[in-house]
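Worksheet: one structure, shown below.
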Amino acid sequence: MATVLSRALKLPGKKSPDLGEYDPLTQADSDESEDDLVLNLQQKNGGVKNGKSPLGEAPEPDSDAEVAGAAKPHLSEVTTEGYPSEPLGGLEQKATSSLVSYIRTSVFLLTLVISMILVLLCAFLIPCPPRDLHSTWSRHLGSQAGGDLSPLELADVNGDGLRDVLLSFVTSRNGSAAGSSRSTANLVCLSGMNGSTLWSSPLSEEAQDITCLDLMPGSVAEIICLVTGTCKMLSAFNATSGKAIWTLNPNYLSNGTLAAPVVLLPDLDEDHVRDLVVLAIGEMQPDLCFLLVSGRTGSPIGRPVKYNIVGVGNLIGPQVYITENGAIYILFGFGNIQAVALRDIFVQAQNRDSSPPSLQIEEPEWEKRRSINLSELIDVYSDGVELLQMVKAPDSNCSNLLVTTRQGLVLLRGQNLTPYWTLSLQGLRSQPTPGYFTDDQTLDFLLQIQDGLGMKKMMVIDGDSGSIAWSYSAPCHMKDAPTTSAVTSDQKSVFLFWAEGLSPASPNSDALMGAEPPSLHHLYLLHPAFPSIFLDLTNTSGTVTASEVGINDLWKDAFYVTRTTGPISEGHPAPLVVSKLSLRWALMEGQMVQLKETTPKIGRGELRRFLSRIKFVDSPYQI
């Protein structure tokens, strides 16, 4: 047994005495164990196996002697029927392996080359979306000849993913007569990327409002820009080309003028396009007139509907309010807030008793407030109203009503019109700016209050309780400086406002007066995580008349657009400047202003690391 095992271990071959190399063929001739190998080969190819023939018969008695006495052929000459010898098969396998390896290598290289070509084609031929890295530009639009209104709107009109800037202004041009000049109004669209002019369209009169929207929700229709004039003009423009689509015939307004911007309604005439309503006021009488307008053609939907309103103060609305049950009301008034059901306006305009099913819904709590004589008007609030705005209610599809009065601020529940809270404040004239300052996921409000000569107090009101969550007084001589906010991905808001320069040194008083002239104003940013720090983002020597915040969804960035009129020099109209500022870039470049010492002290590095992680998203509270 040991001998057989030893031979089995030596079977692969031995060294040749002539060449001194390992020769398996020589080993096959000299080793008697190769006889077993030949027999095994025969067994594999139909020969004797385990002492039996392929048919299971026993071999002849002298078969072993014949095998032993026969001459031993060379191993390379031993063949079996239908099979090549072992060494020839090995050579063919090596050749086949080499061919397969060559084919695999060729296929791999060919695939690699094709992939590289495709990558290069994608890199050079397919345009990448424009990256708004710096996104800071300033555009001078010449001199503005008069005009007290400063409409400003943001909308993506060219489909590049960046919101563009639309505005209207009045310019002065020399007339044909010597020394004469005439004023012309223009609607201009500037590229959100670099501020270049995309298109410009003349207007028949100065615009008081620009609203860009999609009149066919859920479709691929182009964006429409509705422009409301100061007198009788209402036009719809194609936002991509700047061409007028339709213009309301001013004769339908009879002797009235447009008192407020156009308001969007649901589809009333069943043409799959949302419709509109405008409010006109009589020139010689305080009559208010509602006119329903088709969003598709600009033609009236029925006749004008008049209401006699008694009130003193600012014109409120009109604004559309949709209750939780789906009832639709129009809010308006003079120094007060009244409501009328859209159903009632539609029935009178059409001079019929029926209305679409969507207008037949009523809100019981609102209907209880109708007058005893079942008047169509519903009293909502009547105490020195200055401003009205819709505020999205938490965990609800409807909105609450934030009412600014001469005495303070009132938040009304939209469901039943009862006060949620009331805050007494004097000197509040600007519209509150909603945003998230506290951690309760309820909208809070940034206020500006006159606080002495050349001073204003910035104040954040807790939207849940109506209490003051934060306040600070700062020098500011700019009248009606706009404020705004932007929402971050962690459901917080940054608040932006204008004030004069504040010293970055440690404060010894509430307000930090700088050494700069009062004509230079700075844009400051307040983040709820650092209530004792302002970030000085930029400054201007002009008067900021309007501002808007837009979101770049692709890069999670926000940009701040301002409309500014420069200092007026004697005999020359004020220059008009439109500027755009990337907030994420400005956060990294802004100067830190410490309002008061904190423990532990906040370092510049810690603040920069926090600001670098901020990402901006669209406002969830937009109504």
Side-chain angles (χ1 to χ4, degrees), residues 8-16 19-29 34 37-38 40-47 73-137 156-164 191-194 196 198 218-223 240 489 550-559 582 584-585 588 612-618:
L9 294 175
K10 294 180 181 180
L11 179 61
K14 69 177 182 177
K15 291 185 178 181
S16 173
L19 300 177
E21 297 178 353
Y22 197 76
D23 187 359
L25 297 180
T26 306
Q27 173 67 19
D29 291 336
E34 292 297 342
L37 178 61
V38 174
N40 289 336
L41 288 174
Q42 292 177 348
Q43 293 170 3
K44 292 179 181 179
N45 294 279
H74 195 278
L75 182 61
S76 61
E77 297 175 356
V78 176
T79 59
T80 58
E81 184 177 356
Y83 287 88
S85 62
E86 186 70 19
L88 291 177
L91 293 176
E92 290 183 2
Q93 289 178 1
K94 290 181 179 180
T96 303
S97 301
S98 300
L99 180 60
V100 171
S101 177
Y102 174 77
I103 293 175
R104 288 178 178 174
T105 304
S106 301
V107 171
F108 171 75
L109 293 177
L110 182 61
T111 305
L112 182 61
V113 170
I114 293 176
S115 301
M116 293 177 64
I117 293 175
L118 291 177
V119 170
L120 292 176
L121 288 176
C122 293
F124 289 99
L125 298 183
I126 300 178
C128 296
R131 184 167 186 176
D132 218 8
L133 286 178
H134 191 284
S135 188
T136 298
W137 50 260
D156 180 14
V157 304
N158 54 6
D160 62 354
L162 299 177
R163 299 182 191 181
D164 306 297
S191 169
M193 175 63 71
N194 51 29
S196 61
L198 296 179
S219 67
V220 293
E222 295 180 334
I223 296 178
T240 302
S489 58
I551 302 297
N552 185 338
D553 298 319
L554 183 61
W555 304 109
K556 302 301 180 184
D557 192 9
F559 55 89
S582 169
R584 292 190 67 182
W585 175 85
M588 295 295 97
S612 65
R613 296 191 295 267
I614 290 181
K615 295 180 180 179
F616 294 97
V617 296
D618 277 317

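- Considering all non-hydrogen atoms of both residues, D156 and I223 come closest at O-CD1, 3.5 Å.
- T240 places no side-chain N or O within donor-acceptor distance of the main-chain N or O of N158, the cut-off being under 3.5 Å.
- Separating the OG atom in S196 from the CH2 atom in W137 is a distance of 8.5 Å, to the nearest 0.5 Å.
- Summarising the geometry of F559 relative to R163, their closest heavy-atom pair is CZ-CB, 3.7 Å, with the distance given to 0.1 Å.
- Interatomic distance, CG of L120 versus OG of S115, reported as 11.0 Å (0.5 Å rounding).
- In this structure, CG in D618 is found 8.5 Å from NZ in K556, a value given to the nearest 0.5 Å.
- Distance check, rounded to the nearest 0.5 Å: CD1 of I114 to CG of L118 gives 7.5 Å.
- A side chain to side chain contact (heavy atoms under 4.5 Å, CB included) with V107 is found for one member of T105, L110, T111 and no other, namely T111.
- Nearest approach of R584 to W555, heavy atoms of both residues: NH1-O, 3.2 Å.
- Going from atom CG of D553 over to atom CG of L162 covers 10.0 Å, rounded to the nearest 0.5 Å.
- Between I551 and A558, the shortest heavy-atom distance links the atoms CD1-CB, 3.8 Å.
- Side-chain N or O atoms of D557 include none that pairs as donor or acceptor with a backbone N or O of N552 at under 3.5 Å.
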